[in-house]
Amino acid sequence: MALLEVTDLVTRFRTDDGIVQAVSGVSFSLDRGQTLGVVGESGSGKSVTFLTVMGLVDPRHADVTGSVRFDGNELLGASFSTLRKIRGQRIGMIFQDPMTSLNPVKRIGWQLEEAVLIHNDVSRSEARRRSLEVLDEVEIPRADARIDDYPHQFSGGMRQRVMIAMALINQPDLLIADEPTTALDVTTQAQILRLMKKLQDEHGTAIVMITHDLGVVAELADDAAVMYGGRIVEEAKVQDLFAQPEMPYTWGLLGSLPRADITAARLEQIPGQPPSLLRPPNGCAFNPRCAYAFDRCRAELPELRPSPTSGEHRFRCHLDDADRLRIWTAKKAELTSTEGTAA
Amino acid sequence: MSELLAVEGLQKYFPVTRGLIFQKEVAQVKAVDGVDFTVNAGETLGVVGESGCGKSTMARCIARLLEPTAGKIVFDGRDITHLDRNAMRPIRRDMMMVFQDPYASLNARKRVGGIVGEPLEVHGIGTDEERKRRVQELLEIVGLNPEHYNRFPHEFSGGQRQRIGIARALAVNPKLIICDEPVSALDVSVQAQILNLLKDLQADFDLTYIFIAHDLNVVRHISDRVMVMYLGKPVETGSKEELYAEPKHPYSGALLSAVPIADPTLGRARRQIVLTGDVPSPINPPAACRFHPRCPRFVDGKCNVDEPLLTPVPGAKDHGYACHFPLEHWPMDEDDFRRVGGMVPATPAATSSE
Ligand SMILES: Nc1ncnc2c1ncn2[C@@H]1O[C@H](COP(=O)(O)OP(=O)(O)OP(=O)(O)O)[C@@H](O)[C@H]1O
Ligand SMILES: Nc1ncnc2c1ncn2[C@@H]1O[C@H](COP(=O)(O)OP(=O)(O)OP(=O)(O)O)[C@@H](O)[C@H]1O
Ligand code: SF4
Ligand SMILES: [Mg+2]
Ligand SMILES: [Mg+2]
């Protein structure tokens with residue numbers, strides 16, 4: 001049985017301007033010990049998907065349908081006390097915005113101790129000992145001297161490491177990490193990723209890694225999912241995704257990376273704006289920006305269908321196999337030639 | 001090219017206090033501890049370095065959002081180090097900042113239109129109607145929808161909020177924009193748009209940027225020159241070509257080797273130069289070379305005794321490093337990296353501190 005099984009998840013926000021459908025039917029599953037990398041357009045619903053999974057969208061402003069099964073238990077509609085028990089203990093979450101999830105008027109150490117005390121029957125001094133230990137583990141220098149600092153006294157990267165410490169402190173079965181290393185320099189990032197890997201090896205923790213850094217996904221994830229306009233538009237084993245991406249948005253993503261081997265003055269960019277979720281386009285959500293769109297793309301939503309080479313590799317696009325192969329092959333040649341994308 | 005900004009000996013220390021009522025200073029965080037550099041008009045200086053090494057603090061001192069402890073900041077020919085609020089006001093228009101944390105830096109109670117238009121209002125530019133038009137134009141420039149004018153920041157994704165911050169900085173056509181990790185929160189396609197946009201704006205308006213980022217590929221793309229910082233000090237500066245092709249400082253080398261590669265096969269096969277040891281504290285920075293406790297090339301009796309000064313690379317235009325045992329070539333494998341000038345530093349060489 002999969003540790004996490006999400007089926008047909010839909011999240012709609014009610015706003016002054018109308019209904020914003022941030023997540024439109026997302027399904028996936030994740031096994032113990034596995035890492036799922038989630039990438040995609042900013043605003044495509046990555047964070048909201050996993051906030052919904054954790055029961056953290058506010059029911060006063062949002063409607064949620066679908067199913068979220070964690071270790072066999074349905075989380076959607078579960079009672080607050082069930083959710084509270086699971087969150088922070090069995091599921092750890094590293095939020096994208098450390099400043100809003102750390103309490104600015106409480107000392108760092110106090111906040112960590114509380115995270116231990118909520119879920120464990122231990123003394124305050126034991127909780128403090130664990131807090132120090134985990135701060136050391138995420139390499140806060142002189143943790144003993146800084147444990148009683150307030151969040152604003154830490155640098156952005158240090159706050160992010162505190163968030164990571166907070167998520168790891170109870171050794172969860174599932175770690176949902178939303179952009180955990182974007183605020184960190186690459187050597188610290190490498191350390192944090194190693195730390196998460198270690199946790200995974202030792203405890204069989206499953207990890208969801210939401211990130212903009214395709215390099216991080218390439219190096220860490222087993223599976224990858226690409227989101228666009230509230231849907232998964234492509235999912236595959238990470239090797240397959242990079243070797244043979246099957247739809248135009250993913251091509252655009254791989255093309256817009258600044259790279260060591262390309263010195264062009266301009267980066268390739270996907271033209272146009274991300275879709276308005278208030279008034280999503282008909283058909284394929286990517287069609288207004290897609291260089292290959294044809295009539296069917298504007299009329300009909302493409303199903304998530306398997307690629308010709310692997311049933312595990314699925315994507316949404318109406319282009320036929322021959323066209324996709326031809327386009328990607330040409331694109332890949334262009335990307336890997338050093339002359340690359342022209343100015 | 002004329003010099004737009006010159007920073008000399010910049011220091012910023014924060015007090016560490018204990019006690020609730022009688023706050024007693026027990027130590028100092030030496031966040032920025034002796035930084036010198038210049039930026040020419042129209043160029044981009046990229047700044048990279050360890051998280052917590054003082055990049056944001058340095059940026060805030062330059063923008064005078066923090067009071068420097070020591071040093072001198074000359075902007076557009078004028079010493080602004082100790083200008084008071086009133087004297088700073090006209091200068092703030094020429095020097096805008098885009099912040100690292102798109103969550104904390106936007107006023108949650110204000111609508112997007114008000115946030116982006118604030119600098120226009122503060123400096124009394126335009127009528128209400130003109131300001132609104134300008135704001136909508138700015139929203140479009142940064143890839144947001146003009147229909148977002150009346151929304152609140154919490155209704156936006158992380159990337160969208162960062163674009164709001166960029167629109168705000170552009171509002172008053174500043175000369176210098178200090179970008180503190182402006183694209184870290186953006187997905188790569190929006191990142192590409194913003195980087196292209198920043199380059200276009202630079203060409204059109206002769207803008208100058210200080211660009212702080214963790215992504216070395218991004219820094220390479222946008223910068224003309226690059227400064228690598230470690231624990232409050234620059235350890236290497238150079239043109240981007242020099243610095244990326246031939247890093248001299250071991251920390252720069254370790255950084256370059258740690259960049260994740262967006263290719264599952266190459267990336268996993270790559271051999272990183274792994275830094276061990278604790279990240280030192282800016283409260284009590286290590287003596288002499290601050291990198292020495294973690295440096296794979298450390299030579300006892302030298303690196304922990306003599307502070308290496310910024311040394312120019314012979315023959316290079318603008319490339320300097322602060323290290324006693326600079327990298328001889330690049331790329332290097334890990335064994336080579338440890339071998340200083342063909343010797344293994346574990347057996348201390350003839351290095352009595354002269
Ligand atoms: N509380 C809310 N009310 C209304 N709309 C919201 C709310 N929270 C999120 N949204 C909208 O839902 C969409 C998805 O947001 P989400 O934060 O999941 O994006 P994301 O994929 O995580 O983006 P990023 O990569 O920039 O973090 C966005 O268009 C956002 O504006
Ligand atoms: N108000 C403050 N009080 C005390 N210490 C502070 C304060 N602001 C920053 N510091 C400390 O100064 C050091 C440098 O912080 P700064 O935010 O400049 O780092 P940074 O290089 O921008 O890091 P990052 O890459 O993580 O954003 C850190 O040790 C930080 O804890
Ligand atoms: S001076 Fe020594 S310790 Fe410092 S970077 Fe150079 S080799 Fe390493
Ligand atoms: Mg997000
Ligand atoms: Mg910073």
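Chain identifiers are assigned alphabetically (A, B, ...) following the order of the sequence lines, protein sequences preceding nucleic acid strands; residue numbering begins at 1 within each chain.
For B:Ile222, no part lies under 4.5 angstrom from a heavy atom of chain A. Contact annotation for B:Leu195: only side-chain heavy atoms (C-beta onward) come within less than 4.5 Å of a heavy atom of chain A. Contact of B:Ile283 with chain A is made through the side chain alone, with heavy-atom distances under 4.5 Å. In this structure, chain B has a heavy atom under 4.5 Å from the backbone of A:Val217, while its side chain stays farther away. Looking at A:Ala221, the atoms closer than 4.5 Å to chain B (heavy atoms on both sides) all sit in the backbone: N, CA, C or O. Only the side chain of B:Val29 has a heavy atom closer than 4.5 Å to any heavy atom of chain A. With a threshold of 4.5 angstrom between heavy atoms, A:Phe13 does not approach chain B through any atom at all. If you measure heavy-atom distances from B:Asn150 to chain A, you find no contacts under 4.5 Å at all.
Highest contact tally toward chain B, considering only A:Gln153, A:Arg146, A:Lys46, A:His61, is held by A:Arg146 [criterion: heavy-atom pairs under 4.5 Å]. Chain A forms the most heavy-atom pairs under 4.5 Å with one residue out of B:Val259, B:Asn145, B:Asp200, B:Asp263, and that residue is B:Asp200. For chain A, the option among B:Ala258, B:Pro282, B:Pro264 with the highest count of heavy-atom pairs below 4.5 Å is B:Pro264.
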For this session: List the steps and the verdict of side-chain hydrogen bond (donor to acceptor under 3.5 Å, both in side chains) for A:Asp178 and A:Ser47.
Result: CA-CA 7 Å; A:Asp178 195 352; A:Ser47 298; 2.6 Å; yes

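With hydrogens and angles ignored, the 3.5 Å screen pairs no side-chain donor or acceptor of B:Ser223 with any backbone N or O of B:Val226.
Residue B:Glu334 qualifies as enclosed at atom CD: its count of foreign heavy atoms under 6.0 Å is above 12.
Scanning all heavy atoms of the two residues, the minimum distance from B:Pro296 to B:Phe337 falls at CG-CE2, 3.5 Å.
Rounded to the nearest 0.5 angstrom, A:Phe154 CZ and A:Leu102 CG are separated by 9.5 Å.
Using a 4.5 Å heavy-atom cutoff, the side chains of A:Glu234 and A:Leu241 are in contact.
The cationic group of B:Arg111 does not satisfy the cation-pi geometry with B:Tyr149, failing either the under 6.0 Å distance to the six-membered ring centre or the 45° limit from the ring axis.
Residues B:Phe291 and B:His249 bring their aromatic ring centres within 6.0 Å.
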